[in-house]
Participant: 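I have a structure I would like to understand better, so I am pasting it below and will then ask my questions one at a time.
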Amino acid sequence: MKKILAAVLLSGLVASLVAGCGPTPVPPTATPKPVGPTATPAPPTATPVPEPVTVVFWHTQTGVNAKALDAMVADFNATNTKKITIKAEFQGNYTQLYQKILAAIQAGSPPDMAVAYESQIADYMKARAVIELDDFVNKLPKESLADIFSGYMETNKFPQYGNKMLSFPFTKSLLSLYYNEDMLKEAGVRIPTADKPFTWDEFEKAVMALQKKDASGKVTQYGLTLGLDASTIDGWIYSRGGKLLKDDLSGVAFNAQPAYDAYALVDRLVKGTYAYQTKGYDYQADFGNKKVAMFFGSSTGRPFVKAALTDKDTKKEKFKWGITMIPQGDPAKAVTVMYGANITVFKTTPAKQAAAWEFIKWFTDTPQSVKWSITSSYMPIRKSAAENADLRKAWETDIQGKQAFDMIQYSRPEPNVRGWQDARTFLEDALQSVISGKAAPKDAVDTAAAKTNKAIEEAK
Amino acid sequence: MTSQSYRLLAPRKRARKRQGTWQLRLARWAGLALIYALLTLGALTMVFPFYWMVSTAFKSIQEALIFPPTLVPTEWLWSNFREAWEAAPFPRYFANTTFMASASTLGTLITTVLAAYAFARMRFFGKNVLFILFMATMMMPFEVILIPNFLIIKTLKWYNTFLALIVPWTASVFGIFLLRQFYLSLPKDLFDAAVIDGCSHFRFLWNVAVPLSVPALITVGIFSFLGSWNSLLWPLIVTSNPEMRPIQVGLTAFQSEAGSYYNRMMAAATLAVLPIVAMFLVAQKQFVEGIARTGLKG
Amino acid sequence: MPKLGDLLFKDTVGLTPGAKRRYWSETLAAYLYLLPAILIIVTFHFFPIFYAFFISLNKWSILQERFVGLQNYARLLWDPDLWNSLLVTIWYALGTVPFALAISLFIAILLFQNIQGRGIFRTVYFLPNITSVVAAAVVWGWVFNAQYGVINYFLELIGFQPLQWILEPTGVFKMFLENLGLNVPEWAGGPSLALVAVMIMTIWSAIGFNMIIYLAGLGNISKELYEAARIDGATEWQVFRKITFPLLSPTTFFLLVVSVIRSFRAFDGIYAMTTRNGPAGGPLNTTRTVTVYIYNTAFGAGNPKMGYAAAAAFILMAVVLILTIVQFRYVGEKVHYE
């Protein structure tokens, strides 16, 4: 009897729950609405017969660059003869894109093609998610391959994965030294060029000569500003003849004199208030405000720098400036760092992979490469770009673009082994501790080296 | 916190008898003046970052990057807002975000009321254990369960659907905990008057508890709404269709190309913050006033 | 810790058969009420947590590599990075929770008085809380900017040296005491100035939330109690100590528990404020809380160690769970429910 009563009460409760609450709390999980994946399924076979193929391309470009990229993608979609449709989708910044791809790999549904840094590609490859491009690349004509700056090819070959090419250059730029020409002249410092860069000794003297103080002893003009950026540190080490990794990739080689000297220089310059630290991209602002004479930065930053030093009323540049080769240990063997992102193709269907490559091939061909570098301020990846009339015309106003282009031949990529991402953090931490006076330069470098060795060991 | 300020709030009754009226007025006036002074000072501190955001957003880059800074822009420029506005399809993002946030708020309110009531006013097997288990989910950093959650979305075939953006956020342990505390603070006699059985629980909940806790419900609703409104990583991960993106993505899109253009960055931040501030200003009467009048016996 | 069995069955001890039956039927009803919430929470919280636990038992970078049992946990116990970040987290909690609670209680009481313009004040105090943490962090990063920041401008106005704020890894105790000419070792330096900058933003943003909850709690206190107390001639301080504070204790307790949990898993604001300057959690890891550490380990910008990160997350969860249980046991018992 009581059981029946309980049952009645219970059903009453259910009824009242359902009837009384307005919107019924039906478990929403009960009605999954199946929605297909973004891409239309591609034919499973790798036939060169033009079947329509859609390739999803995840990128990070925004603003003007995104518009330029979309226009180029539309151009490709309209003109290619193989019925390929590229769907370019913005997926946040590099970190967000990376996380999204990590999640997608776990779920077994990566995009067809994406933008990535070398270290990220090495991670994707550890999960066997990206494909080797060597077969495609090797089909390019010899002269076409030779036209691409060798460093750009080198950086996409991964020694941990049999030196296979896992990606192709996309948005490339160079570590450069930005200088305020007027200040340098005023201080009696020689203007460095790509052919005749500063030596490191010369650079140190220049930074010191460029410092200005007011009557009270307060610094009103600095010689140099420093941000925490591992690529810059790598450039310092390269340019002093140093190596980052051992040849067999078993560990680091930067715990040696070149890095010790580089960090010691920072220590001296900061202690003497010739140099100071800035956050994010603030160095661009300080440079434009004539607070500092020089900084290390990416060649891609030049539109920002240009805007920062353009007077808003007269629309004229407030001073003469330039970008050039970073200081060198031996100017005869000058070297700087090349960086930037690449396009990588994920393991999908042979048809999609081939279609993705078609796009990459088209995008990196001279006319497109030139077009992209003019709108985006990234470097063209081909030597032949220099002969292009459009680019020459663009360089007339973008003098620094030409200055950067002249350095590409001297540029070298950073390591792309797994674990190097951690090394970047450790090198930056070491720089911060030297700038903050928490560690002696040599100790800071040695600590970073020990930590990196551990990270590389663990990442194997 | 000093006892002084409390004395000043309302002069003691006994004192009232002893003192003349002018002294009373003076004390009351001084107390009020102190309250206003403190509140105004605090309010200025709270508002200042907003002011700084908006005023920087109106400055030219040259003016934004001078030191000492100008406290009021010498020239008010709209161009930063225009550029930020053009960087992303904000109206579309705005509509998406509003839909997403409203739907998950509605869901949250329903699940929260029912669950909180059960935890507060019902005796059942496994109550404490279940409550601790619920609470434990609050302690897991979202970043860790991000990928497992994504796998579930994939399994349910919800990728690139609004379901993925809404359903996981239709229950809130925080909200359950908040409302449970409110239901616990309902006077017992109110509750004891009702006969305790399955049916009247619901009637009590619907007729008494819910109406009394409207302000608390609005609070839960607002926090749920804000949570959805301000989410960034999850929507980016579970959708790839640009048509479905929420407003915070617009902010990120702009931020990554802003460099040292603090004026533009502040303009984008203003655009991301403005709609929710406007909505709040419209709703604040119900929200804040409602909460203040929650007197159960009043 | 109480035994699970006690927790589960203590309600049925000593009940008559009839009462027991009612208890079980109420249990059924309760689970019906809980069903929608349980469905969502099990699917999108419990299951992922179990899955994360499974991940934590593996060497797992992006995909599963091999099962290692508790090895990740064992290694974590000897990982100075974890302990260092736990210390940062504790500083962060200590530097935010008590201040945010005290300030917001104070403001809530002021706002509960019968004054003009309450609505405006409440709105203003609440505004920071509705702002997305990411947008707020962008703004505060700008306010604290070492070169052009308005805070440094104010400091100069009142005759102080500008500070590096988010770039400064030195502990604030050390900075303060060394100004007085004392020599302080690194380990006693306290939270870094960078972390203090993050704390300031956190308090700014938390005040509104706490205040609203406190206002709601204040509204629940019967007016007659106050009137009776005043007729008895109680001072305002006595009223606060004997009536307001005890009767607000469920609210305070709720806020305490929630604030501690939130501060232990705070992420977005710290990340957004510190990431534009080298790795998140800088300078020199002095703002790297456990969640930031977990994030950096799990995704960062490369070389993911998801198994290891998941294990760290469970250690964090255990710490917070213990803290919460302690709060429920020792603070919760003092809570006065009407």
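Naming convention: chains lettered A, B, ... in sequence-line order (proteins, then strands); numbering from 1 in each chain.
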Participant: Can you confirm whether C:Phe67 is buried at CZ, in the sense that more than 12 heavy atoms of other residues, nucleotides or ligands lie under 6.0 Å from that atom?
Facilitator: yes
Participant: Indicate yes or no: at least one non-hydrogen side-chain atom of C:Pro304 is less than 4.5 angstrom from one of A:Asp123.
Facilitator: yes
Participant: Which one, C:Asn145, C:Ile38, C:Ile62, C:Thr170, leads in non-hydrogen pairs under 4.5 Å with chain A?
Facilitator: C:Ile62
Participant: Sort C:Glu168 into side chain, backbone, both or neither according to what part of it lies under 4.5 angstrom from a heavy atom of chain A.
Facilitator: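 Nothing of C:Glu168, per the 4.5 Å heavy-atom cut-off to chain A.
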Participant: Is C:Trp60 close to chain A through its backbone or its side chain, or both, or neither, when contacts mean heavy atoms under 4.5 Å?
Facilitator: side chain
Participant: Mind checking the CD-CD1 spacing from A:Gln106 to C:Ile55? Nearest 0.5 Å is all I need.
Facilitator: 6.0 Å
Participant: I'd like to verify something: which residue of C:Pro169, C:Ala298, C:Ala146 has the highest number of heavy-atom pairs under 4.5 Å with chain A?
Facilitator: C:Pro169
Participant: Quick check on the interface: out of A:Lys438, A:Lys126, A:Arg128, who has the most heavy-atom pairs with chain C under 4.5 Å?
Facilitator: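 That would be A:Lys438.
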Participant: Could you check whether C:Arg75 pairs with A:Glu458 (Lys NZ or Arg NE/NH1/NH2 to Asp/Glu carboxylate O, under 4.0 Å)?
Facilitator: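 Counted as a salt bridge, because a side-chain N and a carboxylate O are separated by less than 4.0 Å.
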Participant: Is the shortest side-chain N to carboxylate O distance from A:Lys451 to C:Asp81 below 4.0 Å?
Facilitator: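 No, this pair does not count.
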Participant: Can you tell me which portion of A:Asp229 sits under 4.5 Å from chain C's heavy atoms? Options are side chain, backbone, both or neither.
Facilitator: neither
Participant: Roughly how far, to the nearest 0.5 Å, is CD1 of A:Ile105 from CG of C:Leu63?
Facilitator: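 With rounding to 0.5 Å, CG (C:Leu63) is 7.0 Å from CD1 (A:Ile105).
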Participant: Give a yes or no on whether C:Phe50 atom CZ has more than 12 heavy-atom contacts from other residues, nucleotides or ligands under 6.0 Å away.
Facilitator: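 Open: at most 12 neighbouring heavy atoms sit under 6.0 Å from CZ of C:Phe50.
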Participant: What distance do C:Met306 atom CE and A:Leu102 atom CG have between them, rounded to the nearest 0.5 Å?
Facilitator: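 So the gap between those two atoms works out to 4.5 Å.
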Participant: Relative to chain C, which of A:Gly437, A:Ala455, A:Gly419 shows the most heavy atom pairs under 4.5 Å?
Facilitator: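 Greatest number of close heavy-atom pairs with chain C: A:Gly419.
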Participant: Nearest 0.5 Å, please: how far is CG in A:Asp286 from CD in C:Gln147?
Facilitator: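 These two atoms lie 4.5 Å from each other.
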Participant: Which bit of C:Gln64 comes within less than 4.5 Å of chain A, counting heavy atoms only: side chain, backbone, both or neither?
Facilitator: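 No part of C:Gln64 comes within 4.5 Å of chain A.
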Participant: Within this structure, what is the CG-NZ distance for the pair C:Leu167 and A:Lys279, rounded to the nearest 0.5 Å?
Facilitator: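 If I round to the nearest 0.5 Å, the distance is 7.0 Å.
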Participant: Between C:Tyr308 and chain A, which part of the residue has a heavy atom less than 4.5 Å away: side chain, backbone, both or neither?
Facilitator: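 No part of it gets close to chain A.
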Participant: Could you tell me which portion of A:Ser433 (side chain, backbone, both or neither) has an atom closer than 4.5 angstrom to a non-hydrogen atom of chain C?
Facilitator: both
Participant: Tell me yes or no: between the side chains of A:Asp282 and C:Tyr148, is some donor less than 3.5 Å from an acceptor?
Facilitator: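 The answer is no; no qualifying pair exists.
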Participant: At a heavy-atom separation under 4.5 Å, does A:Tyr276 approach chain C through its side chain, its backbone, both, or neither?
Facilitator: side chain
Participant: Checking heavy atoms, do the side chain of A:Ala430, its backbone, both or neither come under 4.5 Å from chain C?
Facilitator: neither
Participant: I want to check something: taking the side chain as every heavy atom from C-beta on, are C:Gln164 and A:Ser436 in contact at a cut-off of under 4.5 Å?
Facilitator: no
Participant: Just how far is it from atom CD of A:Gln432 to atom CG of C:Asn285, taken to the nearest 0.5 Å?
Facilitator: 10.0 Å
